[in-house]
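It should be emphasised that the depicted structure is a prediction, and the values quoted were computed from it without experimental measurement. These values consider heavy atoms only, across backbone and side chains, with no hydrogens, waters or symmetry-generated copies. Counting begins at 1 with the first residue of the sequence.
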Amino acid sequence: MKRRWFLKAIPAAALAAPFVRCAAAQTAAPARNETLLLVQEYGPNSMDMQGLGSSQPVNGVALNCYDRLVRFKRVPLADGAMSFDINALEPELAESWQVASDGTSCTFKLRAEARFHSGRPVTAKDVKWSLDRAVSIGGFATTQMAAGSLEKPEQFVALDAKTFRIDFVRRDKLTMPDLAVTIPFVFDSELALANAGGDPWAKEYLKSNIAGGGAFKLESWKPGTETVYARNDDWKNGALPALRRIIARDIPSPSTRRALLERGDADISYGLPPKDFKDLAEGGKIRVVGVPVPNAIWYVALNSALPPFDDVRLRQAVAWAIPYDKIMQAALFGRGVPMWGGPATVTSTAWPQPSPYSTSPERARALVAEAGAAGLSTTLLFDTGAATIAEPMAVLIKESLAQIGIQVELSKIPGANFRGELNKKTAPMVINRFGGWLDYPDYFFFWNYHGNNSIFNIAAYQNPTMDKLIDGARFAADQATYEADVRGFLQTGMTDVPMVPICQPLHDVAMQKTIGGYQYWPCREPDFRYLTKA
């Protein structure tokens with residue numbers, strides 16, 4: 001064992017008091033092959049992913065420290081990693097469930113042995129409080145629930161201590177899969193309310209504390225520095241994890257994280273620049289897993305509600321001007337699936353699929369001239385938190401648009417402020433990446449193109465025809481109607497082009513070859529429950 005790794009893995013309190021250890025404590029301490037060191041750019045800013053303003057890593061807190069009624073079935077990938085089947089569910093807190101014969105409800109039987117970290121049995125009352133909270137708290141959590149027609153507390157019924165029912169407000173193919181995403185996790189409601197200080201949803205308490213029953217407990221959390229998880233040895237909702245302790249260390253520098261991996265001082269990392277993943281994969285010493293993110297694209301959003309891009313000709317001009325191949329090589333280093341150069345007419349319901357645009361400055365200049373917009377000046381925003389990809393992408397777009405008579409000023413927005421800036425709906429152009437948790441094209445278009453969606457429709461796109469097609473697909477009664485509506489909104493999106501697709505991203509993770517059991521989920525955070533370490 002390398003001494004520097006061993007010292008990092010031992011809690012500070014243990015180092016400070018070496019003479020009080022007993023044989024029992026030494027026996028109980030996790031061995032190196034039971035302890036994982038994850039190095040990441042930044043960690044959670046909260047313990048409550050349903051709370052407003054929670055950062056991406058809070059998804060991982062919810063995934064590992066809480067349980068849901070059901071989870072997606074795991075499916076193997078060619079490289080030995082695991083992905084998921086959105087159309088197949090398996091038990092987590094619920095040992096079984098039954099959809100009513102008339103299709104208007106689903107009844108769940110909870111595991112008799114399920115316990116929270118506090119030792120309390122999990123009850124249907126806890127499930128109801130948790131789902132009531134998710135549909136009432138507001139922000140992303142409530143909108144995500146509504147995407148699966150989970151909209152109001154009256155839908156959730158605790159029939160007895162171990163029996164829970166959901167009443168459907170409409171037939172929606174997304175309802176059951178929506179229960180398996182990270183959002184509808186189950187709290188220990190008695191613990192939360194006992195510390196709520198009168199708040200019906202215990203927002204302040206749960207922002208800093210875990211009240212769950214998941215496979216891992218929170219051992220310590222030092223925001224901006226480190227999050228440490230310990231295995232919940234009493235977890236009964238799946239196979240007990242092989243790892244007993246997880247140390248997730250926040251290291252902003254990607255070069256430092258890469259060096260720790262290459263020296264063998266860290267076990268796993270994600271969020272490195274694409275060039276690093278390319279180099280590590282080609283080097284052969286470190287294992288790199290790259291899963292094409294389902295229902296996700298890197299794109300340029302063009303504000304269709306405000307000048308100048310309220311003119312569809314200018315939106316199409318940008319789509320013809322973007323230097324796609326250069327972006328793929330210089331910004332993404334090949335770590336993605338191209339989304340340009342497709343057919344002019346949509347014939348498939350697959351999403352993402354390539355748009356009909358490719359790099360054609362001549363076509364772009366003709367459209368700019370037709371719109372009378374030569375000499376136009378505008379602004380392109382991007383997130384500095386994604387600058388390793390977004391900044392070279394922005395520079396290449398700026399250079400290409402200059403060649404067709406559009407001058408672009410680049411605006412770098414700090415990651416903490418980026419979402420708030422987008423919600424203003426005033427930015428003319430934005431580089432962004434979006435991944436839809438539920439892998440259906442109508443789900444992606446609901447979030448990004450629907451006129452009633454104010455959260456992720458950052459192009460401020462309004463088109464009643466588009467809305468009708470999206471809604472028609474979401475609630476279609478038969479497959480033929482569904483496919484016709486999907487082809488319709490895909491074609492409309494590519495013609496109106498409020499968003500210019502660039503590529504489907506890969507979710508890359510680098511790890512030591514001793515690490516096994518990697519599982520990809522829609523939330524794109526590591527699932528410690530399945531990881532192993534030789």
Side-chain angles (χ1 to χ4, degrees), residues 48-51 62-63 65-71 89-138 141-172 174-203 205-206 209-215 232 234-238:
D48 179 14
M49 77 159 297
Q50 291 182 3
L63 178 63
C65 294
Y66 290 92
D67 293 315
R68 287 133 293 275
L69 287 168
V70 294
R71 57 180 169 246
L89 300 176
E90 59 183 30
E92 195 155 284
L93 273 176
E95 65 180 10
S96 65
W97 57 93
Q98 181 66 52
V99 177
S101 58
D102 62 2
T104 61
S105 66
C106 184
T107 301
F108 300 82
K109 285 290 185 182
L110 304 183
R111 295 180 189 264
E113 68 275 20
R115 296 285 188 277
F116 290 113
H117 297 159
S118 66
R120 275 190 62 240
V122 178
T123 70
K125 182 181 70 173
D126 296 300
V127 179
K128 174 171 172 54
W129 185 84
S130 301
L131 298 194
D132 285 357
R133 184 183 197 263
V135 301
S136 304
I137 199 169
T142 297
T143 308
Q144 174 63 48
M145 296 291 282
S149 295
L150 300 165
E151 300 172 358
K152 51 189 177 181
E154 291 78 13
Q155 290 179 254
F156 311 124
V157 184
L159 297 174
D160 59 42
K162 291 293 182 179
T163 312
F164 177 75
R165 189 181 77 229
I166 296 178
D167 295 328
F168 302 155
V169 296
R170 63 185 66 86
R171 293 178 183 269
D172 186 343
L174 300 183
T175 298
M176 294 300 291
D178 207 22
L179 292 171
V181 302
T182 324
I183 287 286
F185 53 93
V186 177
F187 293 95
D188 182 339
S189 62
E190 289 189 11
L191 176 62
L193 289 171
N195 293 277
D199 175 4
W201 304 126
K203 293 188 291 292
Y205 175 73
L206 293 172
N209 298 274
I210 297 295
N232 173 18
D234 295 323
W235 192 58
K236 307 297 183 185
N237 303 324

Working for salt bridge (Lys or Arg N to Asp or Glu O under 4.0 Å), residues K162 and D160 | CA-CA 6 Å; K162 291 293 182 179; D160 59 42; over 6 Å; no

Please determine if K236 and D234 form a salt bridge, counting it only when a charged side-chain N lies under 4.0 Å from a carboxylate O.
-> no

NZ/NE/NH1/NH2 to OD/OE distance under 4.0 Å, R133 and D48 |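 Here R133 pairs with D48 in a salt bridge, since their nearest N and O are under 4.0 Å apart.
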
Side chains of V127 and V186: does their closest heavy-atom pair fall under 4.5 Å?
->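 Yes; the side chains approach each other to less than 4.5 Å.
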
Among N237, T163, L69, D126, whose side chain to side chain contact (heavy atoms under 4.5 Å, CB included) with L110 holds?
->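 It is L69, the one option of N237, T163, L69, D126 that forms the side chain to side chain contact (heavy atoms under 4.5 Å, CB included) with L110.
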
For side-chain contact (heavy atoms from CB on, under 4.5 Å), just list the numbers for F164 and L93, CA-CA rounded to whole Å, side-chain angles, deciding distance to a tenth of an Å, and then say yes or no.
-> CA-CA 11 Å; F164 177 75; L93 273 176; over 6 Å; no

If we ignore angles and hydrogens, is there a donor and acceptor under 3.5 Å between the side chains of S105 and R165?
-> no

Are the side chain of K128 and the backbone of F156 linked by a donor-acceptor contact shorter than 3.5 Å?
->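 Side chain of K128 to backbone of F156, a donor-acceptor pair under 3.5 Å: yes, one is there.
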
Does S130 reach the main-chain N or O of F187 with its side chain, forming a donor-acceptor pair under 3.5 Å?
-> yes

Using every non-hydrogen atom in the two residues, find where [X] and [Y] come nearest and quote the distance to one decimal.
X    : Y    : answer
F168 : Q155 : CA-NE2, 4.2 Å
T175 : G148 : OG1-O, 2.7 Å
Q50  : A134 : NE2-CB, 3.7 Å
S149 : D172 : OG-OD2, 2.6 Å
M145 : P184 : SD-CB, 3.9 Å
V135 : T142 : O-CG2, 3.1 Å

From [atom1] ([X]) to [atom2] ([Y]), nearest 0.5 Å:
X    : Y    : atom1 : atom2 : answer
L131 : I183 : CG    : CD1   : 11.5 Å
L193 : W201 : CG    : CH2   : 8.5 Å
R171 : T104 : CZ    : OG1   : 8.0 Å
R115 : N232 : CZ    : CG    : 12.0 Å
R68  : E92  : CZ    : CD    : 5.0 Å
D178 : Q144 : CG    : CD    : 4.5 Å

With sequence neighbours excluded, what pairs up with K125 under the salt bridge (Lys or Arg N to Asp or Glu O under 4.0 Å) test?
->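 Listed in chain order: E190.
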
A211: side chain to side chain contact (heavy atoms under 4.5 Å, CB included) partners, not counting sequence neighbours | Y66, D188, L191, L206

Stepwise side-chain contact (heavy atoms from CB on, under 4.5 Å) check, I166 with L179 = CA-CA 11 Å; I166 296 178; L179 292 171; 3.8 Å; yes

Who are the ring pair (Phe, Tyr, Trp, His ring centres under 6.0 Å) partners of W235, not counting sequence neighbours?
-> none

Return yes when atom CD of Q98 has more than 12 non-hydrogen atoms of other residues, nucleotides or ligands closer than 6.0 Å, and no otherwise.
-> no

